[in-house]
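Notes for the one structure printed next.
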Amino acid sequence: MINEKMYAYGASKSSIREIAAYGAARAAEIGADKVFNFSIGNPSVPAPDEVRRSIERSLTMPATQLHGYTPANGLPECRSAVAGSLNRRFDAGATAADVYMSVGAAASVSMCLHALTNPGDEVIVIAPYFPEYRVWIETSGATCVEVMADPTTFQVDCDALAAAITPRTAAVIIDSPNNPTGAIYTAETLAAVAETLHAAEARLDTSITLLSDEPYREITYGADVPWVPDVYDRTVVCYSYSKSLSLPGERIGWVFVPSTNPDHDHLVPAIAGAGRALGFVCAPALFQRVIIDCVDVPADVASYAANRAALTEGLTADGYEYVEPDGAFYLWVKSLDPDANAFFERARAHELLPVPSDSFGCAGWVRVSYCVSLATIEASLPAWRALAAEYGR
Ligand code: PLP
């Protein structure tokens, strides 16, 4: 017997990955310089030199240590390094015991969802949202509940959030800087979210966890990214080095449970249990050592800022409307066709490959991932112009 739910996840695939794969095949067919693959968040910026130097240092270690199992939750030195960095940056009161090293943010969020929910519980996502959230929520046995963001600012709409909370609401996932809109939730937004959750907890006599998924925390263009545990006590933070250090293929990140979270003592073992149950144990040892060495190495934001400037200037000149991105490396562009899938097909005819918004839980937009090279963005501008011209712009 085959598990049909798993079959469906495998057979239907994520549209981001499907478009990325189409782009790779098309590039092989007509040449990489003729395809503008804006689908996946795979940084073109190289990992920092410190990463290479750290790996070279590790290679001198005895083989058993180099490739050996680490403790399930990660090397103590690595967890201490992460805690130290959080304390330096956010005065987080973190210790190594509060950190679980994971296989990227995908594992971090999945483990938290398994640890936080029971079958029949509900988890709220703020639409548009990273599509894999739905898969991870459903796999944990919970139900995914979509709440639309404010359609102009793409901040959290707290009235809509309040209306969606029920006695079964176990958690709310937020993602700031946001994939796909590039919005950064302001201190005011987060304070309003905290107030909304506290009010609902009091009204319904429940507890609701705020799961802050932050793989883009360092990729910002000037705006502040508030530290969520300072705003709401029952918070868990998920992180990944996939974007900040350009290491998406190495699968390394963490979960942090602040000691101020009232569930801390129960939740830390529950996350370890979820890691055990899901097989997300002993994150890659080589890259745990990289994190010890590189925990405070900055992201190359300047490259993304240059891409953002080139893309937004080009699209503005062609009459496109988009959300001014404060962070991450995605541009959320209004589809020129009411049907974003139809718009995607016409874009594809120009070898432009954004991702239609429907799989992000929202109609009428496309996501343009601009972590490609600046040369790709510049070379794509005539195609964007020709596409706009088809729509009379
Ligand atoms: N969360 C968000 C918002 C993302 O954009 C991504 C990847 O693009 C992930 C989680 C998964 O990150 P990772 O590749 O580190 O598992």
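One-based numbering, in listed order, for ligands and for the atoms of each.
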List every atom of ligand 1 that sits less than 4.0 Å from any heavy atom of Asn179, numbering the atoms from 1 in the order shown and giving each element.
4 (C), 5 (O)
Would you check if Asp230 and Phe90 make a side-chain contact, meaning some heavy-atom pair closer than 4.5 Å?
no
Hey, is ligand 1 close enough to Pro215 that some N/O pair sits below 3.5 Å?
no
How far is atom 4 (C) of ligand 1 from its nearest protein heavy atom, and which residue and atom is that?
Tyr216 OH, 3.7 Å
So, are Arg53 and Glu56 salt-bridged, with charged N and O less than 4.0 Å apart?
no
Would Lys243 count as being in polar contact with ligand 1, using the rule that some N or O on each side must be under 3.5 angstrom apart?
yes
Relative to the heavy atoms of Tyr133, which atoms of ligand 1 are at a distance of less than 4.0 Å?
3 (C)
Return a yes/no value for Pro248: is any of its N or O atoms, backbone included, closer than 3.5 angstrom to an N or O of ligand 1?
no
Minimum-distance protein heavy atom relative to atom 3 (C) of ligand 1
Asp213 OD2, 3.3 Å
Ignoring hydrogens and geometry, is there a side-chain-to-backbone donor-acceptor pair from Ser240 to Gly253 under 3.5 Å?
no
among protein heavy atoms, the one nearest atom 12 (O) of ligand 1 is Ala105 CB, 3.5 Å
Arg251 to ligand 1: N or O pair under 3.5 Å?
yes
What are the atoms of ligand 1, with element, lying closer than 4.0 Å to any heavy atom of Gly104?
15 (O), 16 (O)
Hphob cluster co-occupancy, Ile208 + Leu161, side-chain heavy atoms under 4.5 angstrom
yes
Closest to atom 9 (C) of ligand 1 among protein heavy atoms sits Phe130 CE2, 3.6 Å
Same apolar cluster: Leu245 and Phe329, side chain cutoff 4.5 Å
no
Side-chain ion pair, Glu138 and Lys5, N-O less than 4.0 Å:
no
Tell me if a side-chain donor or acceptor on Thr196 pairs with a main-chain N or O of Ala192 at a distance below 3.5 Å.
yes
Is ligand 1 under 4.0 Å from a heavy atom in the side chain of Tyr239, in the backbone, in both, or in neither?
neither
Residue among Ile377, Leu353, Val366 satisfying side-chain contact (heavy atoms from CB on, under 4.5 Å) with Phe38:
Ile377
Does the N or O separation between Trp136 and ligand 1 drop below 3.5 Å for any pair?
no
Trp365, Tyr216, Tyr370 screened by ring-ring contact (aromatic ring centres under 6.0 Å, His included) with Tyr330, the one that passes
Tyr216
Atoms in ligand 1 flagged as close to Asp175, the criterion being non-hydrogen separation under 4.0 Å
3 (C)
